[in-house]
Amino acid sequence: METPSKQPEISSMTREEEEKMQHDISKLQDQVQQISLSLKVNETKMNGMETNMNGMQVKMDDVEAKIDCVEAKMNGMDPKMNGMDDKMEELKINLNKLLQEMVTNGERGVKETHDEKKINVNHDFIDSNVGLKTHHVPRNDMRKFDGKDPETWIL
């Protein structure tokens, strides 16, 4: 028992349907091209970003190297600073010794004078600066300054 096979029906499209289908196909092709171009642009941008990242990495490496160099210099300064502390302590000790010698020898830092003439001169000077001053100061013609008069600026 064989079943008779049917012949597929040939679909006949009208001219309008074919044109519509061609139009839809061309739209799809345009969209595919736009997506493809967009992907290429994005890929180019990503490559540019990668290049920038590599450049930034190089700069970061340079900064790290400079920081390491500064740290090495700072570590080299430590012994010098320790030497300075020792010298400061030695200086303090020597100054204390000098001061103690001066005090024990009876020397004074400030010497007093008992000259009568100097004392009188100092009292006269002090007295001349105490009291009312009656010096006459002439009154000046002061203009009101509003910033607009050029003559006031000059004077």
Side-chain angles (χ1 to χ4, degrees), residues 13 17-155:
M13 289 184 162
E17 291 174 336
E18 281 183 25
E19 286 178 2
K20 184 178 178 190
M21 184 186 264
Q22 288 296 331
H23 183 268
D24 289 343
I25 290 173
S26 71
K27 276 186 176 179
L28 287 173
Q29 286 175 343
D30 287 343
Q31 288 177 352
V32 168
Q33 284 179 345
Q34 287 177 355
I35 290 172
S36 175
L37 287 173
S38 175
L39 287 174
K40 286 180 183 178
V41 166
N42 287 340
E43 186 177 328
T44 304
K45 286 181 181 178
M46 290 296 285
N47 289 339
M49 290 173 105
E50 248 180 63
T51 304
N52 287 342
M53 291 296 288
N54 290 339
M56 288 175 67
Q57 185 63 40
V58 168
K59 288 179 182 178
M60 288 297 291
D61 291 343
D62 289 345
V63 168
E64 286 177 7
K66 288 179 182 177
I67 288 173
D68 291 342
C69 181
V70 168
E71 286 177 353
K73 287 181 181 177
M74 291 293 287
N75 290 337
M77 292 295 288
D78 271 343
K80 292 180 183 176
M81 293 303 286
N82 289 337
M84 290 294 285
D85 289 340
D86 296 339
K87 289 179 182 177
M88 288 297 288
E89 285 299 319
E90 185 179 330
L91 182 63
K92 284 180 187 178
I93 292 169
N94 289 335
L95 280 174
N96 282 333
K97 286 180 184 177
L98 178 66
L99 288 173
Q100 285 178 357
E101 286 177 13
M102 289 177 69
V103 170
T104 55
N105 291 339
E107 295 179 19
R108 302 185 100 180
V110 177
K111 295 182 180 179
E112 296 179 16
T113 58
H114 296 287
D115 191 1
E116 289 293 324
K117 291 180 182 176
K118 285 185 180 178
I119 292 172
N120 289 337
V121 169
N122 287 338
H123 284 294
D124 291 340
F125 179 74
I126 292 170
D127 291 340
S128 69
N129 286 324
V130 175
L132 295 173
K133 305 291 184 212
T134 58
H135 301 289
H136 176 70
V137 178
R139 183 174 179 174
N140 289 337
D141 178 29
M142 297 298 289
R143 299 174 183 221
K144 185 175 180 183
F145 181 72
D146 61 358
K148 296 178 182 175
D149 184 18
E151 187 176 331
T152 308
W153 276 98
I154 294 170
L155 296 176

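Just so it is clear, the structure is predicted and the values come from calculations on it, not from any experiment.
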Partner residues of Asp61 under the side chain to side chain contact (heavy atoms under 4.5 Å, CB included) criterion, sequence neighbours left out
Gln57, Glu64

Rounded at 0.5 Å granularity, tell me how far CG in Asn47 sits from CG in Asn42.
11.0 Å

Got a list of side-chain donor-acceptor pairs under 3.5 Å for residues 23-41, not counting sequence neighbours?
from: Ser26; atom 1: OG; to: His23; atom 2: O; distance (Å): 2.8

To the nearest 0.5 Å, what is the distance between CE on Met53 and CE on Met56?
6.0 Å

Partners of Lys92 by salt bridge (charged side-chain N to carboxylate O under 4.0 Å, His left out), sequence neighbours excluded?
Glu89

What distance do Leu91 atom CG and Met84 atom CE have between them, rounded to the nearest 0.5 Å?
10.0 Å

The side chain to side chain contact (heavy atoms under 4.5 Å, CB included) partners of Glu19 (sequence neighbours excluded) come to Arg15

With sequence neighbours excluded, tell me which residues meet salt bridge (charged side-chain N to carboxylate O under 4.0 Å, His left out) with Glu90.
none

Flag the pair Asn54 / Val58 as yes when at least one side-chain heavy-atom distance between them is below 4.5 Å, and no otherwise.
no

So, applying side chain to side chain contact (heavy atoms under 4.5 Å, CB included) with Val70, which one of Lys66, Met74, Lys73 is it?
Met74

